[in-house]
Amino acid sequence: MNLRKLPRGFYLRPTLTVAGDLLGLFLVRRIGKRLLVGRIVEVEAYLGERDPASHAYRGRTKRNEVMFWRGGHLYVYFTYGMHFCCNVVTEDEGIGRAVLLRAVEPVSGADVMIRNRKRSSRRNSMDITDLCRGPARLCQAFRIDHRDNGSDLCGRKIWIAAEPNAERVSPRRTARIGISNGTEHRWRFYLPNNRFVSRTPPHPLTPTRTR
DNA sequence: ATCAAGATTACCT
DNA sequence: GGTAATCTTGATA
């Protein structure tokens, strides 16, 4: 593989554009001498002050501080008393938008990912399919936690890379998962027919019927 | 000071 | 299908 680290400019573009473009790219993390690599298959955009589902909806706080940094940083938050989730910060400083990484397909370092997952969840079975399927599982596998909050994605510990010759697959869009406000927006992006996507989506073209 | 909710997961029937 | 686990945060008083 010929992976090229993305430049800062990638992240400084409109958030929905960045979200769609992230699909098929690679999350890379250095742990010691090992590199963990996962192909991004599912993300969600959170649009700051105009998005009631966003942590940044009510402005800057101690928790969401990093969301307001310049694009190309990692925003990591803690939730449900036990899980971490990570976001790619987008656009300019002071804007407060980001893209949640919801699932990746393990590409390299799966052995380390299995150990990391066992370390945090002490589970018996470790199917490859479930290693990074979901935002908190992904963080466990890549050993991403509060210490990584604010990491520069143009740095040497965590970054996103492209494979120049990779073929592009058009992403599908649906409403986001696990939120109660802002469900009218189709700001979840995923690769179709991919077993590493976290869930079968609430499909936008098949509204639920009553009766 | 108190409290409800949470960008989830694992395990149960 | 349902729900316990587990604790930080932000809102309200």
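Just so we're clear, the structure is a prediction, and the values are computed from it rather than from any experiment. To find a chain, count down the sequence lines: A is the first, B the second, and so on, and within it residues start at 1.
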Residues forming a side chain to side chain contact (heavy atoms under 4.5 Å, CB included) with A/Asn2, sequence neighbours excluded: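 A/Asn2: side chain to side chain contact (heavy atoms under 4.5 Å, CB included) contacts with A/Arg4, A/Pro164.
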Start and end of chain A contact along DNA chain B [non-hydrogen atoms, under 4.0 Å]: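 First and last nucleotides in contact are B/dG6 to B/dC11.
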To the nearest angstrom, how far is [X] atom [atom1] from [N] atom [atom2]?
X	N	atom1	atom2	answer
A/Arg60	C/dT9	CZ	P	17 Å
A/Tyr80	C/dT6	OH	C1'	12 Å
A/Phe84	C/dT9	CZ	C1'	14 Å
A/Asn149	C/dT8	CG	P	15 Å
A/Tyr57	C/dA11	OH	P	12 Å

Any ion pair linking [Y] and [X] (charged N to carboxylate O, less than 4.0 Å)?
X	Y	value
A/Arg70	A/Glu93	no
A/Asp21	A/Arg13	yes
A/Arg97	A/Asp92	no
A/Asp152	A/Lys157	no

Scan [X] against the nucleic acid and name what it touches under 4.0 Å (heavy atoms): base, sugar-phosphate only, or nothing.
X	value
A/Phe78	sugar-phosphate
A/Ile179	sugar-phosphate
A/Ala53	base

Donor-acceptor under 3.5 Å (A/Arg102 side chain, A/Pro135 main chain):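 Absent.
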Main-chain N/O of A/Leu101 paired to A/Glu44 side chain as donor or acceptor, under 3.5 Å: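 No, the answer is negative, given that no donor and acceptor are paired below the 3.5 Å cut-off.
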Aromatic ring proximity A/Tyr77/A/His55, centre distance under 6.0 Å: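 Centroid distance A/Tyr77-A/His55: below 6.0 Å, so yes.
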Aromatic plane relationship, A/Trp69 with A/His73 - under 30° parallel, 30 to 60° tilted, over 60° perpendicular: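 The arrangement is perpendicular - the two ring planes meet at more than 60°.
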Canonical and wobble pairing (Watson-Crick, G-U, under 3.5 Å) of DNA chain B, dot-bracket with |: ||||||.|||||.
